[in-house]
Peer 1: 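Pasting a structure below so you can have a look.
Read the numbers this way: they start at 1 and go in the same order the structure lists the ligands and their atoms. Quick note: numbers below take in every heavy atom, side chains included, and nothing from hydrogens, waters or symmetry partners. Since this is a predicted model, take the numbers as computed values, not measurements. This chain uses plain numbering: 1 for the first residue, then up along the sequence.
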Amino acid sequence: MVTTPGHTLRAPPTVLLTGFDAFGTEPVNPSGLAVQALHGQQVLGHKLVAATLPTVFHRSLDMLKELLHTHRPVLVVCVGLAGGRQALSLERVALNVDDARIPDNAGAQPVDMPVVAGGPAAYFSSLPVKAMHAALQQHGLPVEVSNSAGTFVCNHVFYGLMHALAGQGGVSACRGGFVHVPHLQSDAHPTGWPLAKLAEGLRLAVQCALTTPTDLRLGAGALH
Ligand code: PCA
């Protein structure tokens, strides 16, 4: 908050966007690059704050929780790379399981471990995934609603985010969820997306979430 004599100017509400650093055999991670491209921009009077999380179980979530406490966002969209996918994937559900096919960036490879011991089996995203799907389609961007964010660090962060937002982590309630993005376009990935297209897709997704109060018939919350 900025204070001048006689006036109190409120800082704009914040939207937190996170991406990841490079992992496995990937030389770059488009999720980190795309959110950084949006850092500092405004959407409908909201300030976008971007951060890059390490692709490391638990450390990523610790950093995300710090960011939630620091920025007190009204909306959180975590973003990661899903190499095999050609569309923006709006993730509907986070599972309480870590089951890594490859080691994370710190060498850990948990198998059949809970993200949060004793936590609910799953959480729904509290983003309006159907409205976001329609909005992105209207702009001609390939998009899908996905029912699995996998069982690696992306699902781990998604589950930990929803658990924190459900009130278990001492963070005041706000909306949040996860979006997987395709590869960046390159010689190795000719069908990948240019960075500007990824950033535009995420910006439209944020805009839609800010203007759509609810759209999930099931509603957000824990799945027991
Ligand atoms: N994608 C991985 C982890 C980091 C990332 O960008 C995943 O889908 O779990």
Peer 1: Would you call Lys197-Glu200 a salt bridge at under 4.0 Å N-O?
Peer 2: no
Peer 1: Please confirm whether Glu26 approaches ligand 1 to less than 4.0 Å, judged on its heavy atoms.
Peer 2: no
Peer 1: Please verify the inter-ring angle class for Phe152 with Phe23; under 30° counts as parallel, over 60° as perpendicular, anything in between as tilted.
Peer 2: tilted
Peer 1: Is there a polar contact between ligand 1 and Asn155, counting only N or O atoms under 3.5 Å apart?
Peer 2: no
Peer 1: For ligand 1, which atoms, with element, lie under 4.0 Å from some heavy atom of Asn29?
Peer 2: 5 (C), 6 (O)
Peer 1: Hey, what's the ring geometry for His156 with Phe57, parallel, tilted or perpendicular (30° and 60° as the breaks)?
Peer 2: perpendicular
Peer 1: With salt bridge (charged side-chain N to carboxylate O under 4.0 Å, His left out) as the rule and sequence neighbours excluded, what pairs involving residues 34-63 come up?
Peer 2: none
Peer 1: Which bit of Phe152 is near ligand 1, meaning a heavy atom under 4.0 Å away: side chain, backbone, both or neither?
Peer 2: both
Peer 1: Considering residues, nucleotides and ligands other than Met113, do more than 12 of their heavy atoms fall under 6.0 Å from its CE?
Peer 2: no
Peer 1: Counting C-beta onward and ignoring hydrogens, is there a side-chain heavy-atom pair between Val93 and Phe158 closer than 4.5 Å?
Peer 2: no
Peer 1: I need the minimum non-hydrogen distance between Leu184 and Pro30, along with the two atoms involved.
Peer 2: CG-CB, 3.7 Å
Peer 1: Please report the closest heavy-atom contact between Asp21 and Asn105, naming both atoms and the distance.
Peer 2: OD1-ND2, 3.2 Å
Peer 1: What is the closest protein heavy atom to atom 2 (C) of ligand 1, and at what distance does it sit?
Peer 2: Cys154 SG, 3.2 Å
Peer 1: Only heavy atoms of Thr55, strictly under 4.0 Å: list the atoms of ligand 1 that pass.
Peer 2: 3 (C), 4 (C)
Peer 1: Can you tell me which portion of His156 lies within the under-4.0 Å heavy-atom range of ligand 1? Options are side chain, backbone, both, or neither.
Peer 2: neither
Peer 1: Starting from atom 1 (N) of ligand 1, find the nearest protein heavy-atom neighbour and note its residue, name and distance.
Peer 2: Leu81 O, 2.9 Å
Peer 1: I need the atoms of ligand 1 closer than 4.0 Å to a non-hydrogen atom of His180, numbered in the order shown.
Peer 2: 7 (C), 8 (O)
Peer 1: Against heavy atoms of Gly80, which atoms of ligand 1 measure under 4.0 Å?
Peer 2: 6 (O)
Peer 1: Counting from 1, what ligand 1 atoms have a heavy atom of Phe23 closer than 4.0 Å?
Peer 2: 1 (N), 2 (C), 4 (C), 5 (C), 6 (O)
